[in-house]
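As structure tokens, the structure follows; a few thoughts come after it.
Below, all heavy atoms of this structure are taken into account, side chains as well, without hydrogens, waters or symmetry copies.
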Amino acid sequence: MLRIHFTARDLEYVRIARGPDPLWEIVCSVCRLQTDEGRIAFGPWRRAVTPLLRGGGGGAGGADRAVAVALRSLMPCGPYIPDFLTPAVDGGNADLQQGVDRVLSTPRSRLRREFTLLAESEARTRLLAGPGAGAGAPVRPFAAEQLARGDAAALRALGGLLTAYDAAFLAPYRPWIDAAVASDVAWRSRELAAGGVRALLETFRPMARWSPPVLEVTYPVERDLHLAGRGLLLVPSYFCWRKLITLFDGALLPVLVYPVEKPVQPPAAASGASLARLLGPTRAALLYEVALRGCATTSELALAVGCSLPNTCQQLAILREAGLAACRREGRCVLHHPTPLGCRLLETAGDGPAEGPLPMPRPATVSP
């Protein structure tokens with residue numbers, strides 16, 4: 001159990017990052033490659049990157065596999081992953097290059113301390129697993145000695161690994177990652193606006209329970225984190241799975257990484273016939289309002305376009321059928337949000353149809 005202790009000042013400084021943190025997505029996705037957790041949620045992605053892990057991938061040879069293996073040695077799916085790999089950014093707005101630059105500027109004393117912790121954690125894991133578990137030699141972290149002493153060449157190599165992994169394993173799937181995170185942020189921001197911090201923290205059930213002034217989080221170890229007036233940054237993550245994550249070092253800027261809903265699978269692109277059904281001012285106006293608001297109830301959309309509630313429900317059903325919008329139920333309300341295909345269609349509407357295949361729609365999700 002992780003107990004996060006809030007003060008009155010901390011409650012005033014709870015923030016939601018506006019988008020996914022690229023380094024946390026790298027760490028969490030590398031962990032997803034080490035287990036079969038979330039077979040439905042991550043199965044399509046795992047199948048898509050399997051050729052890269054087997055040494056294929058468009059002429060890259062074994063380069064992509066080597067990148068994944070090297071990062072796996074630094075990011076074991078276990079009780080400890082070095083904090084320096086996910087430097088906290090207040091506001092959560094750093095892009096990949098900014099994040100990599102922060103990783104490469106980690107002080108030597110911290111690198112040495114965290115690599116020592118990584119070695120100790122791996123040793124404890126092997127001890128608890130017993131002599132008969134996991135044949136073969138233990139995985140040796142990539143350039144551990146060099147990185148631990150702050151070697152410039154090793155740090156540059158690590159930066160290259162992070163950049164290469166993002167390009168091969170994550171960038172092709174960014175429309176789905178960004179759309180899932182945007183939908184989640186819109187929903188939780190709505191809860192925050194309507195009910196304050198308490199309502200926001202309640203959205204994390206059953207992974208966490210708000211028992212003022214403590215947020216009790218299901219966690220693999222017993223731990224207390226005192227925010228002490230620093231507030232808490234909530235970081236949405238596509239590749240996080242079924243649990244909340246925080247940094248090991250309680251002295252760092254407090255963050256809580258949480259999973260968002262994911263597509264069940266990327267289905268086939270919407271057919272031309274289903275897209276043709278969208279022709280008409282009401283559905284076009286509804287799609288525009290859904291994309292503009294990011295997250296809206298059926299009643300709000302009906303009011304915005306001046307349409308009756310039954311007709312709005314019918315038109316929204318057609319948008320969902322075509323893969324242009326999706327929905328989620330929260331209590332007595334149904335919240336609608338755009339899909340990557342819906343956003344792409346709106347972006348290209350002024351210049352005619354987009355060239356090449358449209359992004360695949362997302363008609364269903366699974367809970368984090």
How long is the straight-line distance from [atom2] of [Y] back to [atom1] of [X], given to the nearest 0.5 Å?
X	Y	atom1	atom2	result
R46	R32	CZ	CZ	7.5 Å
L252	R230	CG	CZ	8.0 Å
I4	R223	CD1	CZ	8.5 Å
S121	E114	OG	CD	12.0 Å

Under 4.5 Å between side-chain heavy atoms, hopping through other hydrophobics if needed: is there a path connecting [X] to [Y]?
X	Y	result
L225	L201	yes
L96	M75	yes
Y13	L233	no
V27	F115	yes
L232	V214	no

>> Looking only at side-chain N and O atoms, does D166 offer a donor or acceptor that is under 3.5 Å from a partner on T163?
In response: no
>> We want to know whether T246 and Y219 form a side-chain donor-acceptor pair, criterion being a heavy-atom distance below 3.5 angstrom.
In response: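 No donor-acceptor contact under 3.5 Å links the two side chains.
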>> List the residues meeting side-chain contact (heavy atoms from CB on, under 4.5 Å) with L244, not counting sequence neighbours, and say none if there are none.
In response: F204, M207, A208, V217, L256, Y258, P259
> Can you name the residues that form a side-chain contact (heavy atoms from CB on, under 4.5 Å) with A8, not counting sequence neighbours?
Replying inline: none
Looking at every heavy atom in both [X] and [Y], which two are closest together, and how far apart are they?
X	Y	result
G150	L155	O-CD1, 3.8 Å
A167	A171	O-CB, 3.6 Å
L147	L111	O-CD1, 3.3 Å
S73	L118	O-CD2, 4.4 Å
C28	S237	SG-OG, 4.0 Å
T218	M1	N-SD, 4.3 Å

> Under 30°, 30 to 60°, or over 60°: which ring-plane class applies to F42 and F239, parallel, tilted or perpendicular?
Replying inline: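 If you compare the ring of F42 with that of F239, the planes turn out parallel.
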>> Tell me whether the rings of H226 and H5 are parallel (<30°), tilted (30 to 60°) or perpendicular (>60°).
In response: parallel
> For the side-chain contact (heavy atoms from CB on, under 4.5 Å) test, which of L53, V30, L71 pairs with F169?
Replying inline: L53
> Can you tell me if OH on Y80 sees more than 12 non-hydrogen neighbours from other groups inside 6.0 Å?
Replying inline: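 Above 12, so yes.
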> What do you reckon, is CZ of R149 surrounded by more than 12 foreign heavy atoms closer than 6.0 Å?
Replying inline: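 Yes.
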Has the side chain of [X] got a donor or acceptor atom that lies under 3.5 Å from a matching backbone atom of [Y]?
X	Y	answer
D184	V181	no
E261	S183	no
E122	A119	no
Q146	A154	no
E25	Y238	yes

> Taking 4.0 angstrom as the limit, do E37 and K243 come out as a salt bridge?
Replying inline: no
> Taking S29 as the fixed residue, which of W24, W45, Y165 is the one that meets the side chain to side chain donor-acceptor pair (under 3.5 Å) rule?
Replying inline: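 The side chain to side chain donor-acceptor pair (under 3.5 Å) with S29 is passed solely by Y165 among W24, W45, Y165.
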